[in-house]
Number of protein chains: 2
Amino acid sequence: MNAKTAAPLTIGKVARLAEVGIETIRFYEREGLIPDPPRSESGYRHYGEDSVARIRFIKKAKALGFSLAEIGELLSLRAKPSGSCANVQAKAHEKIAEIDQKIEALQSMRTSLQGLVVECRGTGPRSECPILNTLDAKETSCT
Amino acid sequence: MNAKTAAPLTIGKVARLAEVGIETIRFYEREGLIPDPPRSESGYRHYGEDSVARIRFIKKAKALGFSLAEIGELLSLRAKPSGSCANVQAKAHEKIAEIDQKIEALQSMRTSLQGLVVECRGTGPRSECPILNTLDAKETSCT
DNA sequence: CTTGACTCTGTAGTATGGTACAGGGTGTAG
DNA sequence: CTACACCCTGTACCATACTACAGAGTCAAG
């Protein structure tokens, strides 16, 4: 009926697919970022495809300045099997706001760098490049 | 002529203005992220206004997932007093590409969360929310 | 039925980015 | 001239996020 039992997704395979170390996966499990997977009789972890996606998500979110604790919050938004919907919505809106702030900050940085490139190309010496100036504008309270 | 000598910007004032700890400033100095400031006769550090901007920039870039080493590279783009313009341009383009990747990843995350919110509001149970799916699409190789 | 690649648990070590003293000098207000 | 807030150097410690063993069991191929 199904050909799934043929190749169980062991920790090593997941690690290769998600491009992280095996130890990292076990670490995320200990930290509660990924659920304890079912085990074979001999104690081997067996994962589903979704685990790879989840680990890749963690990796990506980390590169965007989210801490593992924050990533845990992000993941918990979907982990709940319905219920407490209003709470989830509030959290989601919070996270969206955080993301918007990050995007704005990055766009501001991008504009500065682009300006630097243009200035550099055109005139020769750029004593007062705008890279810092643009970003000086009042804290955006990104934790 | 000038009223600047009245209130020299000491490390404590810079820390308050940039909203970081005093120790953090000295740490950044040791790491070469901010230049060694001139000293008073008694050895007190005296900063210019630009130092505050620089520290705030570091803080912001850190929240966006850049390491101190990467921030150093970003800052070095403007630190150079002209010369090696082509090199600076190449680096700047590199950094712009990195920033674009981060922005895209964040926008993808934002879309997923927004989708979650909408789904949550409309129908009741969202067993297969798209938060992970959207982000699963092939690595963007953000280090 | 052995060999080699894989897995397990548990503990210890590392890199990054700070943070917190200790022990001492500075500076100015009362 | 002393009190108190501030600064100095140096070292030690901390949290986060891994990373690397050690010592032992598992499993598929030859």
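Worth knowing before you read on, the calculation uses all heavy atoms, side chains too, and leaves out hydrogens, waters and symmetry mates. In what follows, every chain begins at residue 1, and chains take the letters A, B, ... in the order their sequences are listed. Just so you know, these numbers come straight off a predicted model, no measurement behind them.
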Participant: When we call it a touch if two heavy atoms are under 4.0 Å apart, what does B:Ser40 touch: a base, just sugar-phosphate, or nothing?
Facilitator: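 Here B:Ser40 touches no strand at all.
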
Participant: What is the distance from CZ of A:Phe27 to P of D:dA20, rounded to the nearest Å?
Facilitator: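 Computing the A:Phe27:CZ to D:dA20:P distance gives 14 Å.
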
Participant: Given D:dC18, is OP1 or OP2 found less than 4.0 Å from the side-chain N or O atoms of A:Thr24?
Facilitator: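 Checking A:Thr24 against D:dC18: no side-chain N or O falls below 4.0 Å of OP1 or OP2.
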
Participant: Rounded to the Å, how far apart are B:Glu41 CD and D:dC7 C1'?
Facilitator: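 So the CD-C1' distance, B:Glu41 to D:dC7, works out to 15 Å.
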
Participant: Please determine, for the side chain of B:Ile22, which listed nucleotide (C:dT7, D:dC18, D:dC7) has the closest atom?
Facilitator: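 Given the options C:dT7, D:dC18, D:dC7, the side chain of B:Ile22 is closest to D:dC7.
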
Participant: Hey, are A:Glu94 and A:Lys91 close enough for a salt bridge, meaning a charged N less than 4.0 Å from a carboxylate O?
Facilitator: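 A salt bridge is absent here (no side-chain N lies under 4.0 Å from a carboxylate O).
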
Participant: In whole angstrom, what separates A:Tyr47's OH from C:dC6's P?
Facilitator: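 Rounding to the nearest Å, OH of A:Tyr47 and P of C:dC6 are 16 Å apart.
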
Participant: Thinking salt bridges, do B:Glu98 and B:Lys95 make one under a 4.0 Å N-O criterion?
Facilitator: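 Judged by the 4.0 Å cut-off on N to carboxylate O distance, B:Glu98 and B:Lys95 do form a salt bridge.
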
Participant: In whole Å, I'd like the distance from the CD1 atom of A:Ile34 to the C1' atom of D:dC18.
Facilitator: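 Nearest whole value for this atom pair: 14 Å.
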
Participant: When you measure only distances, ignoring hydrogens and angles, does the side chain of A:Tyr44 come within 3.5 Å of the base of C:dC6 through a donor and an acceptor?
Facilitator: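 A donor-acceptor contact between them is present.
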
Participant: What integer distance in Å separates B:Ile25:CD1 from C:dT19:C1'?
Facilitator: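 One finds 14 Å between C1' of C:dT19 and CD1 of B:Ile25, rounded.
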
Participant: Atom CZ of A:Arg30 and atom P of D:dA17: how far apart are they, to the nearest Å?
Facilitator: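 Rounding to the nearest Å, CZ of A:Arg30 and P of D:dA17 are 13 Å apart.
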
Participant: I'd like to know if the side chain of A:Arg56 reaches the main chain of A:Glu19, judged simply by a donor and an acceptor atom lying under 3.5 Å from each other, with no hydrogens or angles considered.
Facilitator: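 No, the answer is negative, given that no donor and acceptor are paired below the 3.5 Å cut-off.
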
Participant: What is the distance from CG of B:Leu68 to P of C:dG17, rounded to the nearest Å?
Facilitator: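 About 4 Å, once rounded to whole Å.
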
Participant: Would you indicate, yes or no, if C:dT7 has its OP1 or OP2 atom less than 4.0 angstrom from a side-chain nitrogen or oxygen of A:Thr10?
Facilitator: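 Checking A:Thr10 against C:dT7: at least one side-chain N or O falls below 4.0 Å of OP1 or OP2.
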
Participant: Is there a side-chain polar atom (N or O) of A:Arg45 under 4.0 Å from OP1 or OP2 of C:dT9?
Facilitator: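 Result: yes.
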
Participant: Between the side chains of A:Arg26 and A:Glu23, is the shortest nitrogen-to-carboxylate-oxygen separation below 4.0 Å, so that they form an ion pair?
Facilitator: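 Here A:Glu23 pairs with A:Arg26 in a salt bridge, since their nearest N and O are under 4.0 Å apart.
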
Participant: Could you give the CD-to-P distance, from B:Glu29 to D:dC8, as a whole number of Å?
Facilitator: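 From B:Glu29 CD to D:dC8 P: 8 Å.
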
Participant: So what does B:Gly21 touch, heavy atoms closer than 4.0 Å: a base, only the sugar-phosphate, or nothing?
Facilitator: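 Answer is nothing: B:Gly21 stays at 4.0 Å or more from every strand.
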
Participant: Hey, does the side chain of A:Lys13 come within less than 4.0 Å of C:dC6's phosphate (OP1/OP2), counting only N and O?
Facilitator: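 So the side chain of A:Lys13 is outside the cut-off, no N or O lying under 4.0 Å from OP1 or OP2 of C:dC6.
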
Participant: Would you say A:Arg39 reaches D:dT26's phosphate, i.e. side-chain N/O to OP1/OP2 under 4.0 Å?
Facilitator: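 It does not, given that no N or O in the side chain of A:Arg39 lies less than 4.0 Å from OP1 or OP2 of D:dT26.
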
Participant: If you only use heavy atoms from C-beta on, which nucleotide in C:dG17, C:dC6, D:dC7 is closest to the side chain of B:Ile11?
Facilitator: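 My answer, after comparing the listed nucleotides, is D:dC7.
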
Participant: It should be established whether A:Ser42 places a side-chain nitrogen or oxygen under 4.0 Å from OP1 or OP2 of nucleotide C:dC8.
Facilitator: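 A:Ser42 to C:dC8 OP1/OP2: no side-chain N or O under 4.0 Å.
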
Participant: It should be established whether B:Arg26 places a side-chain nitrogen or oxygen under 4.0 Å from OP1 or OP2 of nucleotide D:dC8.
Facilitator: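 Looking at the OP1 and OP2 atoms of D:dC8, one of them is under 4.0 Å from a side-chain N or O of B:Arg26.
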
Participant: Tell me, please, whether A:Phe66 has A:Lys102 positioned over its six-membered ring: NZ or CZ under 6.0 Å from the ring centre and within 45 degrees of its axis?
Facilitator: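 Checked: cation-pi criterion met.
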
